[in-house]
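One structure below.
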Amino acid sequence: MPELPEVETTRRKIEPLLVGRILTRIEHDAPHKYTDTHKAEGRTVTGIGRRGKYLLLQLAAHEAATAGEHSEDLELLVHLGMTGGFRLEAGPHTRVTLHTDQGAIYFNDARRFGKVAVVRRGEYAAFPTLHNMGPEPLSEEFSEAEFVKAAASAGAVKPWLLSQKPVSGVGNIYADESLWTSQVHPAQTRLKPAEARRLYTAIREVMTAAVAAGGSTLGDGTYRQHDGEAGAFQVQHHAYARAGEPCERCGTPIAKTVLAQRGTHFCPRCQTLKPR
DNA sequence: ATAAGCCCCTGTGGGC
DNA sequence: TGCCCACAGGGGCTTA
């Protein structure tokens, strides 16, 4: 479900619920999916960060009395996958329960594509996408010049965006929306500088607006915050899930195809594929 | 090194 | 009504 705007909204919502609490016990099944969670037990959550679509809960080191390997800085890493989210009550799809000194919080995830793991701070080798994560789209580190340069030699632009390398946090919805806004075909290779600059600007605009709206909640309502609140950005979608509806720029029906195994929505008139 | 394809899971909706 | 297939906000692994 969640791309950067949904993950960031989740981060903001759960931060006040978890910061300052002690993780007393972490309960879950499927140990091969949720790794080393016991290492977080007894530690205090001191802050919640985010990189791309990953949430990073900072865990305070133990007291000096337990020096040695136990004193290292740890992070509880959470990826929401397609259907993951936090809830205040357990449900049929609760996969991980974070017991704290002030009550429990539940990680629900119907499809189990989500991840929960405890790692040493910054040690992401077991998570290659996070390890190789590109710059945050709304940060100073996201350089237009570098983006334009890399795009000039890239393959099909949508899969390239989804790789998280040129920029972090862009998923299927916001890739389609950014490409529609910048009038670039999803399968276009080797972007011209003008195209890449339009795409760079579109990514920043779309992400800014989507974060402000609290993300997108689709028709099935799967993505919601722990309090049941829905996002509001879906009403601003121009391409995603609008197949057959008229393009808001030119009236041509929005097309839907499959690209890199992902449903892909675009305007066949505004976003033409140029041979290169 | 990069790209394409398959896989992991579960639920839901459409077509027949 | 029931069944089967296709598809769903992601990403990791294997193979060319």
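Letters A, B, ... mirror the listed sequences (proteins, then strands); counts begin at 1.
Side-chain atoms of Lys33(A) lie closest to dC9(B) of the nucleotides dC9(B), dG11(C), dG11(B). Nearest nucleotide to the side chain of Arg95(A), out of dT10(B), dG11(C), dC13(C): dT10(B). Counting only heavy atoms from C-beta on, Gln164(A) has its side chain closest to dG11(C) among dG11(B), dG11(C), dC13(C).
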Enumerate all atom pairs, one protein N or O and one N or O from nucleotides 4-8 of chain C, separated by less than 3.5 Å.
from	atom 1	to	atom 2	distance (Å)
dA8(C)	OP1	Lys256(A)	NZ	2.8
dA8(C)	N3	Arg111(A)	NH1	3.2

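Within 6.0 Å of CZ on Arg249(A) lie more than 12 heavy atoms contributed by other residues, nucleotides or ligands. Heavy-atom contacts from other residues, nucleotides or ligands closer than 6.0 Å to CZ of Arg11(A) number more than 12. More than 12 heavy atoms of other residues, nucleotides or ligands lie within 6.0 Å of NZ in Lys13(A), so this atom counts as buried by the packing criterion.
A donor atom on one side chain and an acceptor atom on the other are found under 3.5 Å apart for Ser216(A) and Tyr174(A).
What separates CG of Asp109(A) from P of dC8(B) is a distance of 16 Å, to the nearest Å. Asn108(A) places its CG atom 13 Å from the C1' atom of dT10(B), with the value rounded to the nearest Å. Summarising the geometry, the separation between NE2 on His28(A) and C1' on dC9(B) is reported as 18 Å, rounded to the nearest angstrom. The separation between Lys158(A) atom NZ and dA3(B) atom P is 16 Å, rounded to whole Å. Here dG11(C) presents its P atom at 13 Å from NZ of Lys165(A), a figure rounded to the nearest Å. What separates CG of Leu162(A) from P of dG5(B) is a distance of 15 Å, to the nearest Å. Taking atom NE2 of residue His79(A) and atom C1' of nucleotide dG11(C), one finds them 7 Å apart after rounding to whole Å. Here dC9(B) presents its P atom at 11 Å from CG of Asp29(A), a figure rounded to the nearest Å.
Among the candidates Lys158(A), Lys256(A), His185(A), the single residue satisfying the side chain to side chain donor-acceptor pair (under 3.5 Å) test with Thr264(A) is Lys158(A). Shown are Phe233(A), Phe266(A), Trp180(A); of these, the ring pair (Phe, Tyr, Trp, His ring centres under 6.0 Å) with His238(A) is made only by Trp180(A).
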Intra- and interstrand pairs of DNA chain C - dot-bracket, Watson-Crick/G-U under 3.5 Å, | marks other strand: .|||||||.|||||||
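Using a 4.0 Å cut-off between a side-chain N of Lys or Arg and a carboxylate O of Asp or Glu, Arg276(A) and Glu195(A) qualify as a salt bridge.
Taking the P atoms as reference points, dC3(C) lies 25 Å from dC9(B), given to the whole Å.
Between Phe86(A) and His226(A), a ring centre-to-centre spacing not shorter than 6.0 Å is recorded.
Remark: His93(A) is not in phosphate contact with dT10(B), judged by side-chain N or O atoms under 4.0 Å from OP1 or OP2.
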Could you please spell out the steps behind the salt bridge (Lys or Arg N to Asp or Glu O under 4.0 Å) verdict for Arg112(A) and Asp29(A)? CA-CA 11 Å; Arg112(A) 290 184 184 273; Asp29(A) 60 0; 2.9 Å; yes
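Counting any heavy atom pair closer than 4.0 Å across all strands shown, Tyr54(A) reaches sugar-phosphate atoms only and no base atom.
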